[in-house]
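So the structure is just underneath, and the comments pick up after that.
We use all heavy atoms of the structure for the numbers below, so side chains are in, but hydrogens, waters and symmetry mates are not. Here the structure is a predicted model, which means the values were calculated and not measured. To find a chain, count down the sequence lines: A is the first, B the second, and so on, and within it residues start at 1.
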Amino acid sequence: MNLFSDIRDLVISALDSLVADGTLPAGLDFSAVAVEPPRDASHGDMATNAAMVLAKPAGLQPRAIADALAGRLMADPRVAGADVAGPGFLNLRLVPALWQGLVRATLAAGADYGRSGMGKGLRVNVEFVSANPTGPMHVGHTRGAVFGDALARLLAYAGWDVTREYYINDGGAQVDVLARSAFERYREANGLEPEIREGLYPGDYLIPVGEALKAKYGDSLLNQPESVWLRDVRDFATEMMMAEIRNDLKVLGVEMDVYSSEKALYGTGEIEAAIATLRDMDLIYEGVLEPPKGKEPEDWEPRVQTLFRSTAHGDDVDRPVQKSDGSWTYFAPDIAYHYNKVKRGFDQLIDIFGADHGGYVKRMKAAVSALSGGRVPLDIKLIQLVKLYKNGEPFKMSKRAGTFVTLRDVVEQAGADVTRFVMLTRKNDAALDFDFDKVLEQSKDNPVFYVQYANARINSVLRKAREAGIDCADATLAAADLSRLGHEAEIAMAKKIAEWPRLVEIAARNNEPHRVAFYLYELASEFHGLWNKGNDDGALRFIQDGDIATSQAKIALARSVSVVICNGLAILGVAPVEEMR
RNA sequence: GGUCCCGUAGCUCAACGGAUAGAGCGUCCCCCUCCUAAGGGGAAGGUUGCAGGUUCAAGUCCUGCCGGGAUCGCCA
């Protein structure tokens, strides 16, 4: 049930009838006609821009269209008033029964209230995290993981067929470095002094890997040359790191559908095939790149490289796919991997990158555009940095000083639910401050608490009501006499609830799950306000002594707020609480 | 220098191209014999970095500047 789309349908059919009787010319495009909540409540319940949008193409004054439209809309029993205002807005007032009915519908739909079919079952692949398997996940990865997972949940709720995917970067030089670093820890486990040379990973987290290597190989690798052990140690260490990462994701409440391996692309011919496909399109050539303008590197030398003509698909310069020794650059397997996703039949691709990979966006889009013939859109969301604070003081991360903050650290201190919610209280492309003390604060400037507190209050009402012998089952509440919800503040609450399905669609259309978090804050604010009005006006208290029917109507309203909070939190991957402790 | 992101109240940030740009914090004033005051109401606070353009309508889209960040051929 989406009241806004219902009323938009009504507006469109009214416009159709105006076309039918010749008031409006035929052939108008109604796609820009919108029905939305007005900024100011005094403007009514819903507003439509129809008259302004259609004035020019129809060759009529906005006023004339609005007046005619108002006449048609007034004939509908749901519409109580239709006034032209401002430059041509048509402000609609709707009958109270509509909002009361919405409460009933919310309770009846429960977890499905707000679910949308706008995705039409299209298959979308959301690739996120994709952290290198060379160490534990840190705070930056955490934000990307939370964002990607929430986006996946949002899109699924809005009717897409979603696949969550992790691309394991296990094919490049960095996993060789991992192997050499782990080998030193293996020597350490055998009682030798490790030599953590410059360029190796110094972290303690490799000590258990060294011990596990010893358990498997004893001392048999100690005096062997790298050529003998590199491959095995690399695979072993990578597997252990991935196990760690999978566990970190689990702790955070993130589950992937597919793990794809870069390494697995090598030797299968997939990379060669992808490049060959591009070559057939005349998008691969041998050439020399111009040096970057203005900032020429010291060691710049013109050299012939194998280049992808990404400029043919919107990039600024062509990009190399092969190193001078003939091996692939990191870009080549990425092309093959995205080609693989296209060939698996996805209708849309979404990549979630750290903001430091922003320079990679155009070439990746160019590759997907070329390899899918422009059929598959790729949206890339960049995740900005997380700045850590403790007591308002910046908390510097440093591997050397041992203050490297991992995902595990954050979740252990703040909890998965708080971490997830806070990570979604900023747009993805804005930097995020994460203060270990503030996120646990129980006050209204902490949005997690504020929303949870609203839900706890609602459940408190339900407990009290049940103690008083009032039946609070959803089915009973939905059958209550909701016409008793007549107060302005109660109707305002219902209107906020009515915005939820619309909000889901807006958030999904823009791939912006943070909108859900902000909406929940607004919803909670409306509820806290209503709660406090009960202090001033006893008629607004949810439980009315001696009047079960009225109590049930008011409790139905409160319960429907809780339904929406729970549905919203589910999209964020946060568990609602029923009682504050 | 090229590219991308950001610039909105003193601070931290919202606003699918819609009306008088909204919240929280901070400042000031109010509200608990009553379901959790862990909350609520009100006041003050703005040339949405600057200048043009498109549009019935621009914080939002386009162009050019200014400021901050990221990034820039064999690292992923």
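Of the two residues near RNA chain B, A:S525 and A:V35, the one whose nearest nucleotide lies more 5' is A:V35. Residue whose closest nucleotide on RNA chain B sits further toward the 5' end, between A:G529 and A:G534: A:G534.
Across all strands shown, A:K362 has heavy atoms under 4.0 Å from sugar-phosphate atoms exclusively, and none from any base.
Rounded to whole Å, the separation between the P atoms of B:C65 and B:A21 comes to 31 Å. Using atom P as the reference point in both B:G46 and B:C50, the two lie 14 Å apart (nearest Å). Taking the C1' atoms as reference points, B:A44 lies 34 Å from B:C5, given to the whole Å. Rounded to whole Å, the C1' atom of B:G59 lies 12 Å from the corresponding atom of B:G49. Atom C1' of B:G17 sits at a distance of 8 Å from the matching atom of B:A57, rounded to the whole Å. Annotation: B:C35 and B:U27 have their C1' atoms spaced 33 Å apart (nearest Å). Annotation: B:U47 and B:G52 have their C1' atoms spaced 16 Å apart (nearest Å). Distance check on atom P: B:G18 versus B:C13 gives 23 Å, rounded to whole Å.
Outside the 6.0 Å centre-distance limit, the rings of A:H514 and A:F147 are not counted as a close aromatic pair.
Using a 30° and 60° split on the angle between ring planes, A:Y157 and A:W500 fall in the tilted class, from 30° to 60°.
Looking at A:N446 and A:K438, their side chains never come closer than 4.5 Å, going by heavy atoms from C-beta outward.
Searching all strands for a Watson-Crick or G-U wobble partner of B:C32 with both distances below 3.5 Å returns nothing. Of the nucleotides present, B:U3 is the one that pairs with B:A70 by Watson-Crick or G-U wobble criteria, both distances under 3.5 Å. The partner of B:U63 is B:A51, judged by Watson-Crick or G-U wobble contacts that both fall below 3.5 Å. Look at B:C25: its Watson-Crick or wobble partner, with both distances under 3.5 angstrom, is B:G10. The partner of B:A58 is absent, by the rule that a Watson-Crick or G-U pair needs both atom distances under 3.5 Å.
Once the 5.5 Å centre distance and the 30° plane angle are applied, the aromatic ring of A:F89 is found stacked with the base of B:A19. B:G40 has no base stacking with the ring of A:H528 when judged by centroids under 5.5 angstrom apart and an interplanar angle below 30°.
B:C62 takes the anti form, because its glycosidic angle lies more than 90° either side of 0.
Listed by chain and number, the residues in a side chain to side chain donor-acceptor pair (under 3.5 Å) with A:K263 are A:D235 (sequence neighbours excluded). Partners of A:F436 according to the ring pair (Phe, Tyr, Trp, His ring centres under 6.0 Å) rule, which considers only residues two or more places apart in sequence or in another chain, are A:F434. Partners of A:Q305 by side chain to side chain donor-acceptor pair (under 3.5 Å), not counting sequence neighbours: none found. Every residue was checked against the salt bridge (charged side-chain N to carboxylate O under 4.0 Å, His left out) condition with A:D435, not counting sequence neighbours, and none meets it.
Each salt bridge (charged side-chain N to carboxylate O under 4.0 Å, His left out) pair with one or both residues in residues 439-468 of chain A, not counting sequence neighbours, would appear here, but there are none. Within the structure, salt bridge (charged side-chain N to carboxylate O under 4.0 Å, His left out) contacts touching residues 165-174 of chain A (residues at least two apart or in different chains) are A:E165-A:R344. Pairs passing the side chain to side chain donor-acceptor pair (under 3.5 Å) check and including a residue from residues 423-433 of chain A, sequence neighbours excluded, do not occur. Within the structure, salt bridge (charged side-chain N to carboxylate O under 4.0 Å, His left out) pairs that include any residue of residues 543-557 of chain A comprise A:R484-A:D547, A:E490-A:K554 (at least two apart or interchain). Residue pairs meeting the salt bridge (charged side-chain N to carboxylate O under 4.0 Å, His left out) criterion with at least one partner in residues 380-392 of chain A, sequence neighbours excluded, do not occur; the list is empty.
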Enumerate the protein-to-nucleotides 7-14 of chain B contacts in which both atoms are nitrogen or oxygen and the separation is below 3.5 Å.
residue: B:U12; atom: O2'; partner: A:R426; partner atom: NH2; Å: 2.8
residue: B:C13; atom: O5'; partner: A:R426; partner atom: NE; Å: 3.3
residue: B:A14; atom: OP1; partner: A:K427; partner atom: N; Å: 3.3

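Protein atom CD of A:E290 is 14 Å distant from nucleotide atom C1' of B:G1, rounded to whole Å. In this structure, A:D536 atom CG and B:C35 atom C1' are separated by 15 Å, rounded to whole Å. Atom CG of A:D40 is separated from atom P of B:G18 by 16 Å (rounded to the nearest Å). Summarising the geometry, the separation between CG on A:N535 and P on B:C34 is reported as 10 Å, rounded to the nearest angstrom. To the nearest angstrom, P of B:C4 lies 18 Å from CE of A:M364. Here the P atom of nucleotide B:C32 and the CG atom of A:D537 are 15 Å apart, to the nearest Å. Atom pair A:D445:CG and B:A23:C1' shows a separation of 12 Å (rounding to whole Å applied). Rounded to an integer number of Å, the gap from A:E488 CD to B:G41 P is 14 Å.
Looking at the side chain of A:R541, the nearest of the listed nucleotides B:C4, B:A19, B:C34 is B:C34. Here the side chain of A:N532 is nearest to one of B:C35, B:G40, B:G18, namely B:G40. Ranking B:U20, B:A19, B:C4 by closeness to the A:N91 side chain, first place goes to B:A19.
At distances below 3.5 Å, at least one donor-acceptor pair connects side-chain atoms of A:S551 with backbone N or O atoms of A:Q544.
With hydrogens and angles left out, the side-chain atoms of A:D83 and A:N91 include no donor and acceptor closer than 3.5 Å.
Side chain A:N49 to base B:A57: no donor-acceptor pair is found below 3.5 Å. The base of B:G2 does not come close enough to the side chain of A:D316 for any donor and acceptor atom to sit less than 3.5 Å apart.
For RNA chain B, the neighbouring residues in residues 51-62 of chain A, judged by any heavy atom under 4.0 Å, are A:M52, A:V53, A:K56.
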request  = Go through A:R502 and A:E499 one step at a time and tell me if the salt bridge (charged side-chain N to carboxylate O under 4.0 Å, His left out) criterion holds.
outcome  = CA-CA 5 Å; A:R502 182 171 175 275; A:E499 288 179 25; 5.7 Å; no
Scoring nucleotides 67-76 of chain B by protein non-hydrogen atoms under 4.0 Å (B base, S sugar-phosphate only, - none) yields ---SSBBB-B
